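A short worksheet on the structure shown next.
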Amino acid sequence: MAIKRYASIYLKLLNVNIKSKLEFAADFWISSIGLILTNLTSLFTLYFIFQHIPMLGGVSYYDTIFIFSFFTISTSLHQIFFDNIWSIWIHFIEGSFIKYCLRPIDSMFYYLTESIDPKGFSQLILGIALMAYSGANLNLNWSFINIIFLVVLLLCATSIYTSLMTIAAALGFWITDPFEVISLVNRSKDFGKYPITIFNNATKFIITFVLPLGFVGFYPSTFFVKDTINFMSLMTVPVALILFFAQRLIWKAGLNRYIPAGS
Amino acid sequence: MIQLENVSKSFFIVKKAPGLGGSVKSLFVRNKETVEAVKKIDFTIADGEIVGLLGPNGAGKSTTIKMMTGILRCDHGRININGRDPFRERMKYTKDIGVVFGQRTQLWWELPVIESFDIIRKIYDVEMAEYNERLKLFDEMLGINQIIHKPVRNLSLGQRMLCDIAGAFLHNPRIAFLDEPTIGLDLNIKSKIRELILAMNKKFKTTIILTTHDISDIKALCERIIVIDKGSIIYDGNLSEISDLVGQNQEVGIYLENIENNQLLISAVQSEFAPDEVLDIDVREDYLNIRISNKITVSQLMGHILRNENIKDFTISEPDVEYVIRKVYAGELGNED
């Protein structure tokens with residue numbers, strides 16, 4: 001019953017948001033092109049590096065591109081559906097977050113679904129193209145079961161990144177201005193985009209256990225690029241579940257002690 | 001039914017010494033100070049009442065509204081609205097209320113207004129027939145049909161307010177909290193909003209809790225007002241009896257034969273009577289308005305004036321609501337502490 005109601009509200013929001021965003025065609029195309037160019041720069045960097053070395057941290061060129069594409073898809077999904085979390089700090093500073101507490105729907109749902117960002121679709125398409133390209137060169141076997149795994153792992157990776165951003169945002173219930181924390185998580189996410197083997201041990205530890213950004217790209221994609229099923233790629237699922245519940249608890253605790261700024 | 005019993009709320013604020021030194025010091029040593037925003041307030045509001053919540057900025061009005069809408073938890077006391085605790089049962093409680101915070105929209109900023117309305121319909125499970133009937137009524141009263149296809153961000157302040165008010169009443173809430181619903185609006189839109197509020201109250205018995213700094217709003221809408229100052233209730237009762245707050249004052253209007261002598265008369269009156277006897281003297285267009293306390297009588301005042309000047313005419317009146325409310329906002333009434 002509750003799920004049906006939320007689904008109906010969400011579909012409505014999705015529909016009208018996309019419709020209203022696409023009315024600004026110039027806005028959509030310019031930001032889409034910008035997003036793709038940003039991605040292409042990192043891609044060219046990888047390309048030039050591999051002109052000089054055969055392996056990066058023990059990972060081949062096509063494997064690296066595959067990891068990159070997995071990361072691009074999972075973060076694009078975040079960008080399309082949950083990008084609103086990024087601007088929550090404004091509401092904490094201005095005290096306008098109270099708006100989201102005044103209706104009989106979950107405040108996080110209300111906030112996250114307020115805006116949907118279709119320009120992320122351009123990045124999503126780029127990610128899918130890169131995955132097809134690297135997958136073909138790696139001779140990946142796209143069996144039905146592998147596709148199921150791909151979808152589940154991608155959703156888990158998106159959920160992990162969104163949970164980390166939500167936890168950072170929820171700190172705003174305590175510290176008023178969570179901008180720096182949100183921006184730290186956002187800027188650090190690129191650690192998940194490259195083979196983790198290129199980093200030193202301290203960094204590896206941090207992006208595995210502290211701020212598990214390794215699970216947004218690298219770890220889950222090793223499920224496909226390695227011949228044997230590896231433990232860390234499957235850990236993506238429990239990590240996603242733990243972070244999802246942690247994020248709910250932190251948000252709830254924050255909301256309970258929230259004192260809005262201003263009058 | 002709204003019941004507040006002995007409700008208090010305090011905030012901690014960090015006190016810091018002035019200057020850069022003080023700021024650096026406050027990073028390590030925090031001097032917390034408690035500010036009592038609301039002190040033991042009590043009131044009961046029955047279904048279908050329209051109540052104005054008044055008080056100067058910083059008096060505790062906003063804190064009270066935030067506790068009543070379930071945003072803030074009270075430190076002490078009990079809040080029971082429609083049989084629920086607004087803070088603990090927020091999800092169920094908010095189904096029955098509509099809220100307008102005049103400064104901020106409750107609609108979806110980027111979406112056309114009509115889509116916001118439709119989302120609200122889904123959130124509150126409003127029946128389609130009832131929803132259409134409401135939209136028709138809102139259009140008749142507010143004329144919003146020409147603007148509801150525009151995104152909220154393209155509306156003027158007045159248009160946005162009309163839509164926000166409509167949005168707050170769309171799901172037939174039992175209580176509507178309207179925090180400064182007419183702030184910054186022109187007279188035409190103000191009167192439309194007032195008419196809608198009155199109509200909702202009459203037709204659907206919606207309880208209205210209103211805060212405003214606009215005296216004409218209060219006069220047009222509120223039978224009962226609750227005045228909050230420095231966190232406490234200083235008046236709760238009929239609007240018409242609010243003049244009791246300033247005691248049995250009277251106003252005397254003096255029309256002099258020779259207007260040039262106004263200043264002479266002012267000094268003559270001021271030298272004869274103490275400041276707590278003659279409260280103030282206002283020079284109006286063609287007369288002097290003298291406000292006296294109950295320490296002297298009108299005849300004492302008139303006797304003195306007639307000894308000094310020749311007058312054409314004079315009037316005597318009770319203090320009006322506007323004067324009292326001005327005093328309240330100026331912080332000149334209320335608890336001394």
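Reminder, nothing fancy here: chain letters follow the sequence lines and each chain counts from 1. Hydrogens, waters and symmetry mates are skipped; everything else that's a heavy atom, side chains included, is used. These numbers come from a predicted model, not from an experiment.
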Under a 4.5 Å cut-off applied to non-hydrogen side-chain atoms, are [X] and [Y] in contact?
X: B:Lys122; Y: A:Arg5; value: no
X: A:Val16; Y: B:Trp108; value: no
X: B:Lys95; Y: A:Arg103; value: no
X: A:Pro104; Y: B:Ile123; value: yes
X: B:Arg90; Y: A:Leu102; value: no

Most contacts with chain B, counted as non-hydrogen pairs under 4.5 angstrom, among A:Glu114, A:Lys99, A:Glu23, A:Arg257: A:Lys99

Between A:Ser115, A:Ser107, A:Ser8, A:Ser20, who has the most heavy-atom pairs with chain B when the cutoff is under 4.5 Å? A:Ser8

Shortest non-hydrogen contact between B:Arg153 and A:Phe24, atoms and distance: NH2-CE1, 3.0 Å

Report which part of [X] has an atom under 4.5 Å of a heavy atom belonging to chain A: side chain, backbone, both, or neither.
X: B:Phe87; value: side chain
X: B:Ile120; value: side chain
X: B:Phe177; value: neither

Should the heavy atoms of other residues, nucleotides or ligands under 6.0 Å from [atom1] of [X] be counted, would the total exceed 12?
X: A:Phe245; atom1: CZ; result: no
X: B:Phe11; atom1: CZ; result: yes
X: B:Lys40; atom1: NZ; result: no
X: B:Lys92; atom1: NZ; result: no
X: A:Trp29; atom1: CH2; result: no

So, the part of A:Tyr100 with a heavy atom under 4.5 Å from chain B: the answer is neither

In terms of heavy-atom proximity below 4.5 Å to chain B, should A:Asn17 be classed as side chain, backbone, both, or neither? both

Would you call B:Glu115 and A:Lys12 a salt bridge, taking side-chain N to carboxylate O under 4.0 Å as the test? yes

To the nearest 0.5 Å, how far apart are CD1 in B:Ile119 and CG in A:Leu13? 4.0 Å

From CD1 (A:Ile98) to OG1 (B:Thr69), nearest 0.5 Å: 7.0 Å

